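Data first, discussion second: the structure below is written as structure tokens.
Small disclaimer: the values here were computed from a predicted structure and weren't measured.
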Amino acid sequence: MQTVDPLEEKILRRIPLEILAFAAVLALPAAFVFDLPTAGFILAGGAVAALGFAWLRSSLTRFLLKSGKKALRSGLLFYAVRLVLILAVFFIIIFFFPRKILAFAGGFSTVVLVFFIEGARAFLSVKKWKS
């Protein structure tokens, strides 16, 4: 049985909170530069990204504990449902709030910034280069 790396576990627990924090950091100046609804959509995009990451992490752990064709089918079904839900959220925002979709997408995209920062942090913490 494989043991869980404590550093990896710590990072994976921290990522949803960092996504929300970065979305809030982006939403604060947006409230002053644009308006409160724009800031709200940025924050909502970050919240959806954080929830999506947390859901993905818990589901992936559950699927990895299973094995066989049934696990593969349920995993593929899960990812298809997840993609449909994300597209549905974007469609609803485009349909009802077409001028706020970029704000929502900006908040949703904070996950990319968080992954970049976490990757850079992990890269810089490597004490010895492997040859």
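For the residue pair Ile42 and Ala27, the shortest heavy atom distance occurs at CG2-N, 3.9 Å. Contact between Ser125 and Ala122 at its shortest, heavy atoms only, is OG-O, 2.8 Å. Of all the heavy atoms in Gly46 and Thr110, the pair that sits closest is CA-OG1, 4.2 Å. In this structure, Ala23 and Leu43 approach most closely via the heavy-atom pair C-CD1, 4.1 Å. What you find for Pro37 and Lys100 is that their closest heavy atoms are CB-CE, 4.1 Å. Pairing each heavy atom of Ala54 with each of Pro16, the nearest pair is CB-CG, 4.4 Å.
With values rounded to the nearest 0.5 angstrom, Glu9 atom CD is found 12.0 Å from Arg14 atom CZ.
A salt bridge does not link Arg99 to Asp35: none of the charged side-chain nitrogens sits closer than 4.0 Å to a carboxylate oxygen. Residues Arg121 and Glu18 are paired through a salt bridge, judged by an N-O separation under 4.0 Å between the basic side chain and the carboxylate.
Phe115 pairs in a side-chain contact (heavy atoms from CB on, under 4.5 Å) with only one of the listed residues (Leu113, Val111, Ile117, Val112), which is Val111. Checking Ile93, Val89, Ile86 one by one against Phe108, the side-chain contact (heavy atoms from CB on, under 4.5 Å) holds for a single residue, Ile86.
Looking at Leu12 and Phe53, their side chains come closer than 4.5 Å, going by heavy atoms from C-beta outward. Side-chain atoms of Phe41 and Ile101, non-hydrogen and from C-beta on, never get closer than 4.5 Å to each other. Two residues are said to be in side-chain contact when any heavy atoms from C-beta on lie closer than 4.5 Å; Phe91 and Phe96 fail this criterion. A heavy-atom distance below 4.5 Å is not found between the side chains of Trp55 and Leu51. Contact of the Leu56 side chain with the Tyr79 side chain is registered, since non-hydrogen atoms from C-beta on lie closer than 4.5 Å.
Taking hydrophobic clusters as Ile, Leu, Val, Met, Phe, Trp and Tyr residues chained together by side-chain heavy-atom distances below 4.5 Å, Leu87 does not share a cluster with Phe90. Residues Phe78 and Leu85 share a hydrophobic cluster, clusters being chains of Ile/Leu/Val/Met/Phe/Trp/Tyr side chains in contact below 4.5 Å. Leu17 and Ile15 fall into different hydrophobic clusters, where Ile, Leu, Val, Met, Phe, Trp and Tyr residues are linked whenever their side-chain heavy atoms come under 4.5 Å apart, directly or through other members.
A distance-only check finds no donor-acceptor pair linking the side chain of Thr38 to the backbone of Phe34 [under 3.5 Å].
Crowding of Ile94 atom CD1: a count of heavy atoms from other residues, nucleotides or ligands under 6.0 Å exceeding 12.
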